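Reading through the structure tokens given below for one structure.
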Amino acid sequence: MMKILAAGVVPLLLVLHWKPGAGSPLPINPVNATCNTHHPCPSNLMSQIRSQLAQLNGTANALFILYYTAQGEPFPNNLDKLCGPNVTDFPPFHANGTEKVRLVELYRIVAYLGTALGNITRDQKTLNPTAHSLHSKLNATADTLRGLLSNVLCRLCSKYHVAHVDVAYGPDTSGKDVFQKKKLGCQLLGKYKQVMAVLAQAF
Amino acid sequence: MAVISISGTTLLLALLSLRTLQSLVLDERLLLTPELINISINSEHQSLHLQWTVPNLPHQESRMAFQIQISRFERSKVIWEENYRSTVKQGQVLHWSWESELPLECGPHFVRMKSKVVDAKFPKPSFWSSWSPWEKVVAQDSPGPNELLVFPKDKLVEEGSSITLCYVSGSNLKNISCYLDSEQIPGERLDANVFAFSLSNIPFIRKTGTNFFCGNSTHKEDGTVLFVSKVLEEPKDFSCETRDFKTLKCTWEPGPDTGLAWSKQPSQSYTLLESFSRRKEHCQHRSWCHWQISQGSQETYNFTLLAENRLRRRSVNLLFNLTRRVHPVDPQSIKFENVSARSAIMTWKEYSIVNHCTLLCQVELRGEGEVTQQHNVSVEVNGEYVLSGLEPDTQYATQVRCASASHFWKWSDWVPQKIITFEAAPSEAPDVWRNVTSEPGRQNVALFWKPLSKHQANGKILFYNVVIENLDSASRLQLLSIPAPATQQELMLDPRCSYRIHVTANNSMGTSPASIVAVAGDPGNGTENVKEERITGTDGGFPLSWKPKSGDVAGYVVDWCAHPRDTSCDFQWKHVGPNTTSTVISSDSFEPGVRYSFRIYGLSTKRIAYLLAKKTGYCQELANILIRIILPMILCVLLIMILCYWKSQWMKEECYPDIPDPYKSSILSMKKSKENPHPTIMNVKDCIPDAIEVINKAEGTKTQFPGTRKSVTETELTSQPVYLCLIATENNYSSPGPCICFENLTYNQEVSASDSCGHGPVTPEEPPSQLGLLASSGSFLKALEKNYTNSLEENPSGNSLRYVSQLASPLSGDKESLPTNPPMLVLCSEYKMQTAVPSCLASPPLSEDSSLSSVTLLGESEHYS
């Protein structure tokens, strides 16, 4: 299982989780863990989470299309081979679990996706410097994911007193060749589109 | 014996020598065998780099040859063999590189080499050493059984070049296809699981690279991105120039940008190299570069512009003398001095340059958008040029530019500046005329003048001076100053005196020449003898001619009113020369149908005007126009009236002829249609029946209207049969008298017999009740009328109609005779149903004879109600 902190997203996650001693993987819900958030949690948390999930689900396909179109042929015509949602180590999600379980799993997924999206954004800015529309959509999605992560953490913290969740991050693509970067990004966004539909339905 | 002995010894010696030689050769071959100490791989450049030594080199330094062999996949498959020569010192490490067409990752490579001394200093025979052992080079480990790898990765190539790619597949993978972008590429098997793909003349598709992708149906795939660069072009139009002898600016056309995404290749760089000074400048821009001129005396420069990217270098040279590349700085501080109405001095400054190079400057003068003057001026530092021949009070656009006079290279940019010349006194006298009218005891002179043109005014006219000189009293001068833009002045003069009137125009710089008009003491002198003549205008105006005036003539004047209908008149005049006796007066203001009057004056040398002729006429007679417009309208109206009349006649004949013809009537044609099994719809909108009858049957029945099926309840009616005449269809029924409604069974007995609203018999002694109904309730009548109308609209079907004619009297064909002869009603009883009622409910008073039944009826009606 690949648990590599991606350079582009680590600062973001550190900001979200920062506290003395932050930086190590977060165990789930240690007993008597203090549950502090940087900002006061809004009252309509679940409503906001649902809204953010709906927003992400609504834009996921457009992002996916923009991405594989920007990579050039043969990506648009070989989506099943090059962009299938074959992402190893993707955090699981059980829609029939309790809300607490679902929120913890959602947290892991959003953290994973946030990291992966950071890598994709970084790669695409280098590889496709003029694909401004793609960059814009990647950034907007990353922003929403960041907000969603914060809200999920708030919910876990305020209602279930879960202060820490072990997370796994997306694969590091920095050492890969360009084709592999393109392919991994495409697979990840295909997976993102797929999982967002499930998540939006589950909440 | 001795010979044998000598021969044997010689043979022995020879054998010993041969053996010794053989031994030496074998030793040398072994000693000179190269020893490969390192083989490194450069995947990006697909090259092997060999390092070796030659141990036990017998000499300090020897020229040696090396033979190098490279095999791929197997040792026996030698793909490259090369001889390499070098001077080798003892203990020296030798280097050699080999670049492979096929990516090194596509398979294992094997390398070996041998050597021999080829130095002329050592003439003894030399032999190739033994081969060094094969060295295996592996750039990529074999893939797993389900793994697929494509090489080379992220390769940078130039557009139009060739490249070979390969895939290495695991043993379990079959049927792998490869695509460049979306085009499938055929491959060539190199080894059991290695295929090569040769691409030639590879195209540039996008800066972000071209995808090469291999895969099979089991979703095992890999790919690579080819970064295809555009070919770096040689810079074009390379040129250098100076504007200040301090800096050279070199420019060129760079050609296409060869930069690629993913930092595979930045845009090409440019470097300036100067051979005399041996200086170098890395340019910061793609198309130009600055070069600082040293303070020394270098006049000649030999530049090399070097363009390079990761794949290629291009360069161009330029040799020039600095003094022949002078592009002067734009002229500065352009000013105008001593500006007058007609001239000005233009001055400017040039940038001070070393060597005091003389400049050639061009001065251009533009007035009203056109170049009016262009001059060349030789300038060193301060430029100056006198602009002359200018017009007063006029704005001019000037511009100046300069170039090196000794060695023309380039003009500077034009530098514009505007100038407005001063005003001058008006150059022409205003065009003046007068209109004199006399009243008892005074003479009214309306003085008119025309504004001066811009060319004549030489500035803004501020006012006009009118000096009235009484010729009969030399001491009396009257001056009037009339502010511009007035163009007329009323004067009241003494009719007993003669006057000379001077008119001048004035601007800020002075006065124009005077225009003189003389007014005689008796303006009516001779005018009564002038008869007015009739003239006809043409499209071009009014042609006028007159008899020349006897005596000295200074000229002639024609005057007229441009708008004679207006009170302002819009007085106009035209001067013509003394030798002219005809002219054409044309004006856009002339209108058809307006009468214009022209007066023709002769002017004496003393400027006294004599009326010579009066002419009047129209530029176009309005009557003609009216005829052209109205006549077609009348014809149209007549045509329409004829058509209407014909239409009405046709309608009458078709719908209500005086004597209806059953075979022509469109209504009766429904009889035929009844025989037709298919329903026929008859359009009765154009056919209005002459009358509607309302039949009041006996108690227990309902009154129905033919063709409607609407009924009136019995309680509203008496048990007596009643006929109603609801609509008079002929206008001539406005005359007093009843109308007659009857059913003509001759035409429609079947319909009559079958209709449930059949007409009951009517007797003369029963009529009161019918009028009683009519007179008792006007609203009811209106309702009936409405029902009737509705019935026509709602149920035009012929099946429910019954033809009713009020005209077909068997006694008389004159329908108008019926109302005037009430006793005829009895005679009409021969019809099955027939009665007479007043023509309309609001009918005028009946005559004495004919009022009997009506009055009686009215009385009954009141009683009934």
Side-chain angles (χ1 to χ4, degrees), chain A residues 7-8 64-88 90 119-138 171-191 194, chain B residues 43-44 103 105 139-140 146-157 165-167 173 175-185 197 203-228 257 259-267:
Chain A
F64 182 54
I65 293 169
L66 265 179
Y67 182 89
Y68 69 66
T69 306
Q71 309 317 306
E73 287 294 344
F75 282 84
N77 288 318
N78 291 274
L79 292 180
D80 53 338
K81 292 179 182 174
L82 297 172
C83 303
N86 312 317
V87 181
T88 54
F90 195 82
N119 290 337
I120 292 170
T121 307
R122 180 198 60 199
D123 290 345
Q124 288 302 310
K125 280 182 178 172
T126 312
L127 182 61
N128 284 309
T130 56
H132 301 302
S133 178
L134 174 63
H135 302 162
S136 167
K137 217 148 195 92
L138 283 168
D172 181 22
T173 58
S174 58
K176 305 276 185 186
D177 63 77
V178 174
F179 191 85
Q180 290 300 319
K181 289 176 197 287
K182 289 182 174 184
K183 182 181 156 188
L184 286 172
C186 206
Q187 287 176 330
L188 193 281
L189 288 178
K191 182 71 180 176
Q194 183 190 59
Chain B
S43 287
E44 184 180 354
E105 293 86 352
Q140 173 68 41
N146 293 315
E147 199 175 0
L148 177 67
L149 299 170
V150 175
F151 298 103
K153 295 293 184 189
D154 308 342
K155 182 75 175 174
L156 173 65
V157 292
L165 301 101
C166 74
Y167 75 73
L173 300 182
N175 299 326
I176 295 168
S177 302
C178 294
Y179 304 84
L180 180 70
D181 233 37
S182 56
E183 182 186 355
Q184 187 170 356
I185 306 294
F197 300 86
F204 170 86
I205 296 178
R206 62 183 81 85
K207 286 191 169 187
T208 56
T210 306
N211 298 315
F212 181 81
F213 156 72
C214 297
N216 67 359
S217 56
T218 60
H219 287 205
K220 293 299 175 186
E221 65 283 319
D222 191 25
T224 185
V225 179
L226 299 177
F227 289 91
V228 183
D257 183 1
L260 294 171
W262 202 247
S263 305
K264 268 295 168 186
Q265 176 172 270
S267 297

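It should be emphasised that the depicted structure is a prediction, and the values quoted were computed from it without experimental measurement. Order of the sequence lines fixes the chain letters, A, B, ..., with proteins taken first and strands second; residue numbering starts at 1 for each chain.
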Checklist entry - Looking at Leu82(A), Thr126(A), Thr130(A), Asn128(A), which has the largest count of heavy-atom pairs under 4.5 Å with chain B? => result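 Of Leu82(A), Thr126(A), Thr130(A), Asn128(A), Thr126(A) has the most heavy-atom pairs under 4.5 Å with chain B.
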Next on the checklist: Please classify the contact between Phe227(B) and chain A as side chain, backbone, both or neither, with a heavy-atom cut-off of under 4.5 Å.
Outcome noted: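 The side chain, not the backbone.
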Checklist entry - Out of Gly223(B), Gly215(B), Ala261(B), Gly209(B), which one racks up the most heavy-atom pairs below 4.5 Å with chain A? => result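 Most pairs with chain A among the choices: Gly223(B).
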Item to check | Side-chain ion pair, Arg206(B) and Asp181(B), N-O less than 4.0 Å | outcome: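 Between Asp181(B) and Arg206(B) there is a salt bridge, with a charged N closer than 4.0 Å to a carboxylate O.
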Item to check | Pairwise side-chain contact, Leu184(A) with Lys176(A), heavy-atom cut-off 4.5 Å (strictly under) | outcome: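 Yes, their side chains come closer than 4.5 Å.
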Checklist entry - Can you name the one residue among Lys182(A), Glu73(A), Gln71(A) that meets side chain to side chain donor-acceptor pair (under 3.5 Å) with Asn211(B)? => result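 Going through Lys182(A), Glu73(A), Gln71(A) one by one, the side chain to side chain donor-acceptor pair (under 3.5 Å) with Asn211(B) is satisfied by Lys182(A) alone.
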Checklist entry - For Asn78(A), is it the side chain, the backbone, both or neither that has a heavy atom under 4.5 Å from a heavy atom of chain B? => result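 Asn78(A) touches chain B through side-chain heavy atoms alone.
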Checklist entry - Step by step, would you call Thr173(A) with Asn119(A) a side-chain hydrogen bond (donor to acceptor under 3.5 Å, both in side chains)? => result CA-CA 7 Å; Thr173(A) 58; Asn119(A) 290 337; 4.8 Å; no
